[in-house]
Amino acid sequence: FPVTIIPVRLCGSGTVQFTNQTQHAAAIQQYNWVFGDGNTSTQDGPSNYYTSPGIYSIRLIATTINGCIDTALYRDTIVVYHLPSATIQGNFVQCLSPGSLIHFVSNISSIDPIRSYKWMIDGDSLTNTEHFDVNYRIPGNHIIGLSVTTSNGCTYTNTRNFLIDSVKAQFSVAPARFCDSGTVTLSNLTTSYTAVDFSLWNFGDAGTSSDRSPVHTYLQPGSYSIQLTTGTVNGCRDSLLLADTVRVYQLPVPSYVLS
């Protein structure tokens, strides 16, 4: 006697619906279903939830009111494939810099071969490679997603929140030319996505400062390079060096001859 089984292929676990199409002359007194996973049912058209991967045979035993018995065996009809699992590894605060790529690594566990990968940021598919190395330059909070599909068509998706941060050290110096000595004002023009956590200045004459926009006095003639190192609250850093940007000239020394 025919039985309709939907679906016959599952990934990880799932429910299968059985539709009984048994033909009979006398009334059926009882149905006995054996689902192959230890579960049974006496319903006419039952369903069964398979919890574990495996191959399952289905048996249906029908008994009429006259005691006639028939059995149908559907051997290896239900296949529950193994689901893969995937984790995303990497730095979940990514710092943009010139030429940098957003980098994540897939860590896959699977009984069956992996047929395909799909990486997404905020739901947009970006690459189908095993690992993620993409020039993505939109600062802010994002969701990185990875979907892997096995050779049996079973798909697993994992997502993680991450932040793209950026900082660009910039400053101006005024004035930059002196005679004998002088005081410069440093204007910090640093831009960043999140808040700046620190500013470290090196004035080239052994002087330093941690002020955001300091002033500094040069006391000796010479050429001085100024460097600013800065970073955000998330640990992203950048540095800018302006070489020989301040010049302090020596005053002329008059000379004369008495006669």
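For reference, positions follow the sequence shown, starting with 1.
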Atom pair [atom1] ([X]) and [atom2] ([Y]), whose distance is rounded to the nearest 0.5 Å:
X: Gln170; Y: Asp238; atom1: CD; atom2: CG; answer: 9.0 Å
X: Asp197; Y: Cys236; atom1: CG; atom2: SG; answer: 11.0 Å
X: Phe178; Y: Leu219; atom1: CZ; atom2: CG; answer: 11.0 Å
X: Thr127; Y: Met120; atom1: OG1; atom2: CE; answer: 11.5 Å
X: Glu130; Y: Leu146; atom1: CD; atom2: CG; answer: 9.5 Å

Side-chain donor/acceptor of [X] to backbone N/O of [Y], under 3.5 Å:
X: Asn158; Y: Ala86; result: yes
X: Arg137; Y: Ser100; result: yes
X: Gln17; Y: Gly45; result: yes
X: Asp122; Y: Ile143; result: yes
X: Gln250; Y: Cys179; result: no

In the structure I gave you, are the side-chain heavy atoms of [X] and [Y] within less than 4.5 Å of one another anywhere?
X: Ile61; Y: Trp33; value: no
X: Tyr193; Y: Thr232; value: no
X: Ile138; Y: Ile164; value: no
X: Phe132; Y: Leu126; value: yes
X: Gln29; Y: Thr64; value: no
X: Asn141; Y: Asn161; value: no
X: Val215; Y: Leu186; value: no
X: Val246; Y: Ser223; value: no

Report task. Give me the ring orientation class for Phe104 and Phe162: parallel if the planes are under 30° apart, tilted from 30 to 60°, perpendicular past 60°. Result ->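 Geometry flag for Phe162 against Phe104: perpendicular rings.
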
Query - Pair Thr155, Thr149: side-chain N/O donor-acceptor within cut-off below 3.5 Å - result: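 Yes, side-chain donor-acceptor contact under 3.5 Å.
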
Report task. Mind running side chain to side chain donor-acceptor pair (under 3.5 Å) on Ser147 and Thr157 for me, showing each step along the way? Result -> CA-CA 4 Å; Ser147 291; Thr157 300; 2.6 Å; yes

Query raised in the report: Which heavy atom of Val80 sits nearest a heavy atom of Ser13, and at what distance?
Result: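 It is CG1-N, 3.9 Å.
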
Query raised in the report: Which heavy-atom pair separates Arg177 from Thr245 by the least distance, and what is that distance?
Result: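 Scanning both residues, the minimum pair turns out to be NH1-O, 3.0 Å.
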
Query raised in the report: For Ile6, does the CD1 atom have more than 12 heavy-atom neighbours from other residues, nucleotides or ligands under 6.0 Å away?
Result: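 Result for CD1/Ile6: open.
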
Report task. Considering only Ile, Leu, Val, Met, Phe, Trp and Tyr, and joining two whenever side-chain heavy atoms are under 4.5 Å apart, list the other residues clustered with Val79. Result ->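 Grouped by the 4.5 Å side-chain rule, Ile55, Tyr81 form the rest of the cluster around Val79.
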
Query raised in the report: In the hydrophobic cluster built from side-chain contacts under 4.5 Å, what are the other members alongside Phe198?
Result: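 Result for Phe198 is Leu200.
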
Query raised in the report: Which residues satisfy the ring pair (Phe, Tyr, Trp, His ring centres under 6.0 Å) test with Tyr156, sequence neighbours excluded?
Result: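 So Tyr156 forms no ring pair (Phe, Tyr, Trp, His ring centres under 6.0 Å) with any residue.
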
Requested in this report: Test side chain to side chain donor-acceptor pair (under 3.5 Å) on Thr208 and Asn202 and set out the steps.
Outcome: CA-CA 5 Å; Thr208 61; Asn202 187 321; over 6 Å; no

**Report entry** ring pair (Phe, Tyr, Trp, His ring centres under 6.0 Å) partner of Phe35, chosen from Phe18, Tyr49, Tyr56
**Finding:**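 Exactly one option meets the ring pair (Phe, Tyr, Trp, His ring centres under 6.0 Å) with Phe35, and it is Phe18.
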
Query raised in the report: Does anything in residues 223-250 pair up under ring pair (Phe, Tyr, Trp, His ring centres under 6.0 Å), and if so which pairs, sequence neighbours excluded?
Result: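 Qualifying pairs, neighbours excluded: Tyr218-Tyr224.
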
Query raised in the report: Mind checking what makes side-chain contact (heavy atoms from CB on, under 4.5 Å) contact with Ser213, not counting sequence neighbours?
Result: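 Once residues adjacent in sequence are excluded, the partners of Ser213 under the side-chain contact (heavy atoms from CB on, under 4.5 Å) criterion are Asn188.
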
Requested in this report: Measure centre to centre between the rings of His131 and Tyr117, then say whether the value is under 6.0 Å.
Outcome: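 Ring centres of Tyr117 and His131 not closer than 6.0 Å.
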
For residues 108-116, dump all side-chain donor-acceptor pairs below 3.5 Å to protein atoms at least two apart in sequence or in another chain.
from: Ser110; atom 1: OG; to: Asp112; atom 2: N; distance (Å): 3.3
from: Ser110; atom 1: OG; to: Asp112; atom 2: O; distance (Å): 2.5
from: Asp112; atom 1: OD2; to: Asn152; atom 2: ND2; distance (Å): 3.0

Query raised in the report: Which residue, Thr185, Asp205, Asp211, Thr183, forms the side-chain hydrogen bond (donor to acceptor under 3.5 Å, both in side chains) with His216?
Result: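 Passing option: Asp205.
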
